[in-house]
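These numbers come from the heavy atoms of this one structure, side chains and all, not from hydrogens, waters or symmetry mates.
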Amino acid sequence: MDIIIRPAAPSEYATLGEITAQAYLGDGLLDFGESDEYLGELRDVAKRAAAAEVLVAVADDRPLGGVTFVPSGGPMADIARPGEAEIRMLAVDHAARGRGVGEALVRACVERARAADGCTAVVLSTQRTMHTAHRIYERLGFVRTPERDWNPVPELDDITLLTYELTL
């Protein structure tokens with residue numbers, strides 16, 4: 001299976017949004033399930049595409065997954081500092097997992113960061129239970145940065161996102 005990574009087309013936004021939402025729901029990554037406010041953000045690919053670069057992995061003209069690449073200084077950055085790009089909302093359709101789709105999407109983000117003037121690192125946040133994603137990041141040279149771990153919902157004590165960084 002040949003996987004092509006390219007910018008998502010507007011005609012793919014709904015499908016990619018649903019792949020992302022179902023990946024997070026299916027993996028139990030949303031504390032409030034179907035009623036989690038973040039679910040709307042995961043489905044809103046058009047909003048992400050207006051503020052960052054949304055990439056899609058495609059095989060046989062079918063979207064398999066996607067990722068949001070936030071260039072240095074982009075408005076969607078959660079943890080990126082000046083000179084850092086950020087990876088957000090990496091998701092792969094459950095039926096396409098284990099085929100290298102997630103790794104191909106992360107590699108595409110790293111390539112974009114390397115090509116960007118003044119970009120010195122790529123950073124990302126991940127949940128503790130995303131072990132498969134952690135293995136991808138570590139295989140590609142990302143290292144844990146526990147001093148940057150953070151809580152996106154401070155009123156809930158048990159939500160801490162782990163952070164990783166790849167120095168370019």
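You'll find the side chain of P152 stays beyond 4.5 Å of the side chain of D78, heavy atoms only. T163 is not listed as a side-chain neighbour of E147, based on a closest heavy-atom distance of 4.5 Å or more. In this structure, R6 and V56 have side chains that are in contact, with non-hydrogen atoms separated by less than 4.5 Å. For the pair F69 and E111, the minimum side-chain heavy-atom distance is 4.5 Å or more. Within the 4.5 Å cutoff, side-chain heavy atoms of V54 are placed close to those of T68. When side chains are defined from C-beta on, Y13 does not count as touching R48, because their heavy atoms never get closer than 4.5 Å.
The closest donor-acceptor contact from the side chain of Q127 to the backbone of L29 lies under 3.5 Å. Proximity of a side-chain donor or acceptor of D93 to a complementary backbone N or O of G65 within less than 3.5 Å is not detected. Put simply, the side chain of E86 gets close to the backbone of I79: a donor and an acceptor are under 3.5 Å apart. Judged purely by atom type and a 3.5 angstrom limit, D60 has no side-chain atom pairing as donor or acceptor with the backbone of R62. E12 places a side-chain N or O within 3.5 Å of a backbone atom of A9 that can act as its donor or acceptor partner.
Counting all heavy atoms, side chain and backbone alike, R88 lies closest to V67 at O-CG2, 3.5 Å. The two atoms that bring D149 and L162 nearest to each other are OD1-CA, 3.4 Å, heavy atoms only. Scanning both residues, P82 and S72, for their nearest heavy atoms gives C-OG, 4.1 Å. Heavy atoms only, all atoms of each residue included: I19 and P63 are closest at CD1-O, 3.5 Å. L105 approaches A91 most closely through the heavy-atom pair CD1-O, 4.3 Å. When every heavy atom of V92 is checked against every heavy atom of R97, the shortest pair comes out as O-NE, 3.1 Å.
Looking at W150 and S125, their side chains do bring a donor and an acceptor atom within 3.5 Å of each other.
Atom OH in Y164 sits 7.0 Å away from atom OG1 in T126 (nearest 0.5 Å). In this structure, OG1 in T167 is found 8.5 Å from CD in E84, a value given to the nearest 0.5 Å. In this structure, the separation between CG on L42 and CD on Q22 is 10.5 Å, given to the nearest 0.5 Å. In this structure, L25 CG and L39 CG are separated by 5.0 Å, a value rounded to the nearest 0.5 Å. Taking CG from L166 and CZ from R114, the interatomic distance works out to 6.0 Å, rounded to the nearest 0.5 Å. Rounded to the nearest 0.5 Å, atoms CD1 (I87) and CZ (R112) are 11.0 Å apart.
Side-chain heavy atoms closer than 4.5 Å link hydrophobic residues (I, L, V, M, F, W, Y) into clusters, and following such links, possibly through other members, connects L55 to I3. Cluster annotation: M130 and I136 are assigned to distinct hydrophobic clusters (Ile/Leu/Val/Met/Phe/Trp/Tyr, side-chain heavy-atom contacts under 4.5 Å, transitive). Under the 4.5 Å side-chain heavy-atom criterion for Ile, Leu, Val, Met, Phe, Trp and Tyr, I5 and V45 are members of distinct hydrophobic clusters. Under the 4.5 Å side-chain heavy-atom criterion for Ile, Leu, Val, Met, Phe, Trp and Tyr, Y38 and V70 are members of the same hydrophobic cluster. Under a hydrophobic-cluster definition in which Ile, Leu, Val, Met, Phe, Trp and Tyr are linked whenever side-chain heavy atoms come within less than 4.5 Å, directly or via other members, L16 and V58 are assigned to the same cluster.
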Item to check | Trace of the side-chain contact (heavy atoms from CB on, under 4.5 Å) decision for Y137 with V122 | outcome: CA-CA 11 Å; Y137 306 142; V122 180; over 6 Å; no
Next on the checklist: Walk me through whether L90 and V106 qualify under side-chain contact (heavy atoms from CB on, under 4.5 Å).
Outcome noted: CA-CA 8 Å; L90 173 66; V106 174; 3.7 Å; yes
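Salt bridge E41/K47: present, at least one basic N to carboxylate O contact under 4.0 Å.
Classification of the H134-H131 ring pair by plane angle, with boundaries at 30° and 60°, yields perpendicular.
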